[in-house]
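Worksheet: the structure to be examined is printed underneath.
Counting starts at 1 for both ligands and their atoms, in listed order.
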Amino acid sequence: MNQVVKVLQNHATVRKFDPNHTISKEVQDEIIKASKQAPSWMNGQAYSILTFQEENEKRKLIEVLNQDQENSSNAKIIESSSLFLLFCIDFSRYDLEHEGVSFENELEPLIIGTTDASLALENALVAAESFELGTCVIGGLRRVSKEIIDCLEINEFRFPLVGLAIGKPLQTAVPKPRLPEKATVFSGQNAHKKATKEEIKAYERQLQDYAKENGYTSEPWISRFTNYYKEQNYPAKTAESLKKQKLI
Ligand SMILES: Cc1cc2nc3c(=O)[nH]c(=O)nc-3n(C[C@H](O)[C@H](O)[C@H](O)COP(=O)(O)O)c2cc1C
């Protein structure tokens with residue numbers, strides 16, 4: 001197995017970092033360079049990356065996250081990380097408003113910005129893990145996206161989509177099981193096929209075992225999504241912020 005595939009297949013989120021570790025300028029530059037080399041729609045690079053390293057740079061962001069109980073664990077992760085990258089959808093640099101372009105009622109720019117930013121994030125994640133650093137993607141910050149926009153004074157046409165905490169791991173994270181291939185990958189001729197109930201149940205059991213072995217409890221996999229999509233919290237908050245940023 002080559003090194004790149006090894007890094008990809010060994011991915012496991014790390015949530016405990018050494019708070020005393022600092023990332024060297026060289027490593028940070030390599031991570032950013034790898035991130036920026038990600039492909040993007042029409043080479044549009046519809047994202048920007050906000051970097052947070054020193055305690056004073058992170059302070060405002062952490063204060064905002066700590067005001068939301070559901071983000072307190074994320075605040076701790078970011079606090080102890082050596083580098084936090086906040087990936088924003090960014091349509092501000094084309095100055096399209098000037099040309100009479102509006103994103104109101106358009107879904108396409110959101111798909112493009114989300115895809116571009118996510119690919120850049122994943123490149124950064126893989127690069128960081130190749131340096132034996134730990135990573136944690138932080139999407140929970142969308143619950144306080146409006147507050148983040150205000151406190152960081154993020155300009156219009158820019159939306160803080162997802163963050164990446166990078167640091168020296170203080171835990172050995174074990175790769176989490178994924179759905180079986182037959183529940184995820186289908187021949188192009190079988191585009192109507194979906195996972196069976198048995199496959200999902202078996203996966204849920206596997207995840208419960210994984211949780212037990214790794215010292216935490218977790219509700220059944222499917223109910224997590226039922227609860228999430230029933231709760232109107234995230235969608236309403238995200239929509240409000242996207243409107244504020246003139247992205248919907
Ligand atoms: C878009 C996205 C947002 C995420 N947000 C959070 C988050 O806010 N906090 C957190 O601790 N983990 C977060 N994660 C990490 C996921 O929980 C994790 O990737 C998933 O459980 C699979 O575990 P693994 O990465 O260890 O394989 C996020 C992952 C993604 C892709």
Nearest non-hydrogen contact to atom 18 (C) of ligand 1 from the set Thr13, Leu161, Val14 belongs to Thr13
Going from CD1 on Ile138 to CG on Leu85, what distance comes out if it is rounded to the nearest 0.5 angstrom?
11.5 Å
Can you tell me how far CD1 of Ile154 sits from CG of Asp90, rounded to the nearest 0.5 angstrom?
9.5 Å
Gln45 side chain to Asn43 side chain, donor-acceptor N/O pair below 3.5 angstrom:
yes
Relative to ligand 1, is Ser118 under 4.0 angstrom through side chain, backbone, both or neither, heavy atoms considered?
neither
Assess, by modelled atom type and distance only, whether the side chains of Arg158 and Ser48 contain a donor and an acceptor separated by less than 3.5 Å.
yes
Gly139 N/O under 3.5 Å from ligand 1 N/O:
yes
Does an N or O from Val137, backbone or side chain, lie closer than 3.5 Å to an N or O of ligand 1?
yes
Distance from atom 8 (O) of ligand 1 to nearest protein heavy atom, with residue and atom:
Gly140 N, 2.9 Å
For ligand 1 and Ile77, I'd like to know whether there is a polar contact (N/O to N/O, distance under 3.5 Å).
no
With heavy-atom distances below 4.0 Å as the criterion, list the atoms of ligand 1 near Ala12.
26 (O)
Assess, by modelled atom type and distance only, whether the side chains of Arg59 and Asn56 contain a donor and an acceptor separated by less than 3.5 Å.
no
Is Asn74 touching ligand 1 with its side chain, its backbone, both, or neither, if touching means heavy atoms under 4.0 Å apart?
side chain
Compare every heavy atom of Gly44 with every heavy atom of Asp116, then report the nearest pair and how far apart it is.
OD2-C, 4.4 Å
Which ligand 1 atoms does His11 reach within 4.0 Å, using its non-hydrogen atoms?
24 (P), 25 (O), 27 (O)
Assess the side chains of Ser72 and Asn66: does a donor N or O sit below 3.5 Å from an acceptor N or O?
no
List ligand 1 atoms under 4.0 Å from Ile138, heavy atoms only on the residue side.
5 (N), 6 (C), 7 (C), 8 (O)
Hey, looking at atom 16 (C) of ligand 1, which of Arg178, Lys176, Arg15 has the closest heavy atom?
Arg15
Any side-chain donor-acceptor pair under 3.5 Å between Thr135 and Glu129?
yes
Numbered atoms of ligand 1 (with element) below 4.0 Å of Cys136, judged on heavy atoms:
10 (C), 11 (O), 12 (N)
